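So you know, we letter chains A, B, ... as the sequences are listed, proteins then strands, and number each from 1. Treat the numbers as computed from the prediction; the structure is a model and nothing was measured. Excluded from the calculations below are hydrogen atoms, water molecules and symmetry mates; all remaining heavy atoms, backbone and side chain alike, are included.
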Amino acid sequence: MRDYEKYIRYRTFPSPWCPGCGIGVTLKAIATAFAELDLDPDDIVAVSGIGCSGRMPTFFNTNTLHTTHGRALTFATGIKLARPDKNVIVISGDGDSSAIGGNHLIHAARRNIGIKMILINNGIYGMTGGQVSPLTPQKFVTETTPFGNIEPKFNIADLLMGAGATFVARETVNRMKPLKDVIKKSFLHKGFSVVEVISNCHVNLGRRNKMKDPISMTKWIAGRTVTKTQYDKMTPEEQDHKYPVGLIHENTSRLEYSELYYKHIVPAAQEAAKKGPGGAAFAAQKNTITYRGSK
Amino acid sequence: MEDTKKKNRKVLQGNIIVAEAAIAAGCDFFAGYPITPSSEVAQHMSKELPKRGYDFIQMEDEIASLGACIGASLAGKKVLTATSGPGFSLMQEHLGMGVMAEIPLVIVNVMRGGPSTGLPTKPAQADIMQARWGTHGDHPIIVLYPAFSNELFCETIRAFNLAEKFWTPVIILLDEVTAKAHEDIELPDTKDLEIYNGKTKEIKDLNIYDRNIGENPPRVDFFQGYPIHIDGLEHDAHGWPSSDPENADKMQKLRMQKIYHFLDEIIKFNEYYMEDAEIMVFSFGVSARAALPAVEEARELGIKAGLFQALTIWPFPKRELRERFKKIKKVLVVELNMGQIKYEMERVASDDVEKKSLLRANGIPFTPKEILEKIKEF
Ligand SMILES: Cc1ncc(C[n+]2csc(CCOP(=O)(O)OP(=O)(O)O)c2C)c(N)n1
């Protein structure tokens with residue numbers, strides 16, 4: 001058994017993914033990162049919304065939670081606040097995270113709550129059969145943009161940085177080792193982290209855009225992959241067609257949300273209670289307060 | 001004697017009574033989004049929970065609030081959220097998730113006039129059917145509806161106990177009037193409260209949803225030494241997704257029967273002047289509070305009226321009512337909406353029972369006098 005296999009729930013296979021889909025590569029990268037960090041499977045909870053990518057947690061032999069479309073971050077926020085000592089991972093698709101779940105995404109970034117998000121960007125709604133997503137490149141033909149997509153896509157990294165995210169990275173399914181390394185690095189970050197994984201959906205995006213097999217789609221991704229240094233030298237028009245990879249932004253100076261809550265709000269509320277009506281009684285009973293979920 | 005008994009006597013706002021009761025029941029997590037007329041619940045929790053080392057968070061909307069509650073419940077917490085009509089509408093998808101994954105949680109919905117933004121500061125018993133059928137799919141649901149200040153406290157405790165006992169979301173409906181009014185209440189001593197904690201920490205095996213009809217799932221929470229999977233998809237005994245028709249059939253029945261087997265324990269109501277009543281006034285919440293003096297005045301006039309005040313609205317007290325309709329042949333439904341329970345009553349009461357209703361949805365609660373006039377029409 002390889003190290004990462006400890007984190008795989010073989011009983012739940014086969015997976016629903018098409019042959020050649022990049023989600024499987026991402027699954028292995030995440031499991032390998034778990035193994036290299038030697039995490040206890042029961043100290044991990046992997047949460048997801050709905051979509052092909054949302055099915056991934058089912059295959060992790062950790063605690064796993066498959067929720068509603070776009071809302072995984074909200075469930076994860078409750079878990080992280082309740083149990084700040086645990087590793088809370090969110091797996092999300094591009095539609096899941098940037099369309100229906102866009103509001104939760106920016107607020108998780110703003111709060112800097114210590115959730116580790118893996119955002120699998122295949123540029124399309126895979127599970128529902130290939131409709132346009134907010135991350136579909138312009139001009140692409142999809143089931144709901146039969147004459148080409150006229151909407152510009154989000155630059156998800158810029159969006160996240162604008163919202164206050166403290167760890168933003170991007171990799172592609174073509175680059176297994178850097179992908180695994182950056183995911184591992186993100187797991188060690190204390191605040192909110194997002195690793196955007198550029199993935200291939202040759203079945204629902206490629207097929208309608210002259211890239212009907214995994215090879216042609218991964219080649220297309222490779223052609224758009226640049227380093228951040230290369231990217232920074234480009235004009236905005238050139239940048240629009242490229243995916244800069246690697247660590248894009250990291251800020252370790254901001255405290256993580258649940259840490260702030262327990263270090264600032266809880267003592268402040270206790271101080272106020274001691275000064276308020278019945279304060280002496282509160283101060284006397286404080287020691288007897290029991291915690292239901294151990295912290 | 002009198003004075004020592006009164007030491008727990010306070011004047012508190014209805015929303016605060018509910019919040020205090022939740023804390024007494026052991027609630028240690030609140031996530032919510034402000035909305036009139038429920039915001040005081042969140043405000044009170046934001047002061048009271050952190051001082052006990054517990055969690056409070058204001059989320060970005062009501063969908064997120066209920067999501068956070070479910071997540072926290074799965075991480076071992078006893079959770080509460082509070083909202084009103086528009087927010088309750090947003091919560092419906094996650095209410096279904098709570099039913100499907102069998103998550104103990106309590107939602108307070110302080111109702112206001114609708115539809116849409118409606119009459120934000122006016123009372124309405126508008127969400128009786130939303131509470132029953134708001135989320136998609138077939139599902140059982142427990143909905144409690146306290147009216148008097150002491151009931152606000154006791155029914156909130158009961159809501160948490162039922163949630164833990166039956167592994168289900170429980171909804172508390174409140175009226176804008178009772179939630180906002182400051183009322184006299186004698187708070188029970190916390191020592192005297194019966195608090196039920198239903199979560200198990202003992203893991204038998206992987207079959208976290210396997211049980212006999214009428215039983216609860218032997219599920220544990222996350223981080224109990226045994227990684228589990230929880231899903232909003234229909235799932236098998238392990239919790240893994242399954243679209244097998246036989247399994248779906250079985251799981252539907254298990255979710256229904258764990259509640260419908262225990263109606264005696266869940267259904268609660270108050271009866272006033274019902275022993276020899278010839279006319280039954282059926283009401284709940286603020287309307288029941290106006291109906292009580294109306295029934296008393298009718299009695300003074302020699303009309304044999306009685307009040308059946310439902311404290312559990314769903315499941316509907318069908319059996320209890322049918323029992324009473326063997327003798328009583330006149331029923332008046334009083335509700336501050338356009339007839340949501342009236343239709344239920346038409347289903348429950350046989351044709352030989354004469355049915356009348358007093359209905360409106362303009363933001364003005366009924367007066368006892370209006371109800372008395374309607375009683376006189378029989
Ligand atoms: C509230 C709601 N709306 C719509 C859907 C239907 N739906 C399921 S998956 C999906 C899109 C998934 O696309 P994406 O998030 O990009 O993930 P992918 O399948 O490509 O991995 C949609 C629209 C749903 N399940 N729930």
Distance-only, no hydrogens or angles: does the A:Y261 side chain make a donor-acceptor pair with backbone N or O of B:F56 under 3.5 Å? yes

Supply the atom-to-atom distance B:D231 CG to A:S48 OG, rounded to the nearest 0.5 angstrom. 7.5 Å

Would you say A:R55 and B:L233 make side-chain contact, with heavy atoms under 4.5 Å? yes

Contact check, side chains of A:L65 and B:H229, non-hydrogen atoms, under 4.5 Å: no

Within the 4.5 Å heavy-atom criterion, are A:V266 and B:R52 side-chain neighbours or not? no

Which residue pairs pass the salt bridge (charged side-chain N to carboxylate O under 4.0 Å, His left out) test when at least one of the two sits in residues 260-272 of chain A, sequence neighbours left out? A:E259-A:K263, A:E271-A:K274

Could you go through the side-chain contact (heavy atoms from CB on, under 4.5 Å) check for A:T12 and B:H238 one step at a time? CA-CA 10 Å; A:T12 47; B:H238 290 155; over 6 Å; no

Apply the test side-chain contact (heavy atoms from CB on, under 4.5 Å) to residues B:I63 and A:T74: give CA-CA distance (whole Å), side-chain angles for both, the deciding distance (0.1 Å), then the verdict. CA-CA 8 Å; B:I63 305 174; A:T74 73; 5.8 Å; no

For A:N63 and B:F222, indicate whether the former's side chain and the latter's backbone hold a donor-acceptor pair under 3.5 Å. no

CZ (A:F187) with more than 12 external heavy atoms under 6.0 Å: yes

Cut-off 4.5 Å, heavy atoms of chain B, and the answer for A:Y257 is side chain

Between B:A31 and chain A, with a heavy-atom cut-off of 4.5 Å, which part of the residue counts as in contact: side chain, backbone, both or neither? neither

Portion of B:I228 that has a non-hydrogen atom of chain A nearer than 4.5 angstrom: both

Could you tell me the separation between the CZ atom of A:F75 and the OG atom of B:S73, rounded to the nearest 0.5 Å? 11.0 Å

Are A:K86 and B:F223 in a cation-pi setup, meaning NZ or CZ lies under 6.0 angstrom from the ring centre and within 45 degrees of the ring axis? yes

Beyond-backbone contact of B:P50 with A:Y262, side-chain heavy atoms, under 4.5 angstrom: no

Only counting residues at least two apart or in another chain, list the ones meeting ring pair (Phe, Tyr, Trp, His ring centres under 6.0 Å) with B:F160. none

Contacts with chain A made by residues 92-103 of chain B (heavy-atom distance under 4.5 Å), listed by residue number: B:E93, B:H94, B:M97

Counting only heavy atoms closer than 4.5 Å, note whether A:T58 contacts chain B via side chain, backbone, both or neither. both

Do the side chains of B:I230 and A:T64 get nearer than 4.5 Å, heavy atoms only? no

Do you know the tightest heavy-atom contact between B:K47 and A:A269? O-CB, 4.2 Å

Is it the side chain or the backbone of B:E48 that comes within 4.5 Å of chain A heavy atoms, both, or neither? neither

Positions in residues 105-119 of chain A that reach chain B, provided some heavy atom is under 4.5 Å away: A:H107, A:R111

Can you see which heavy atom on A:A82 is nearest to which on B:K77, and at what distance? CB-CG, 3.7 Å

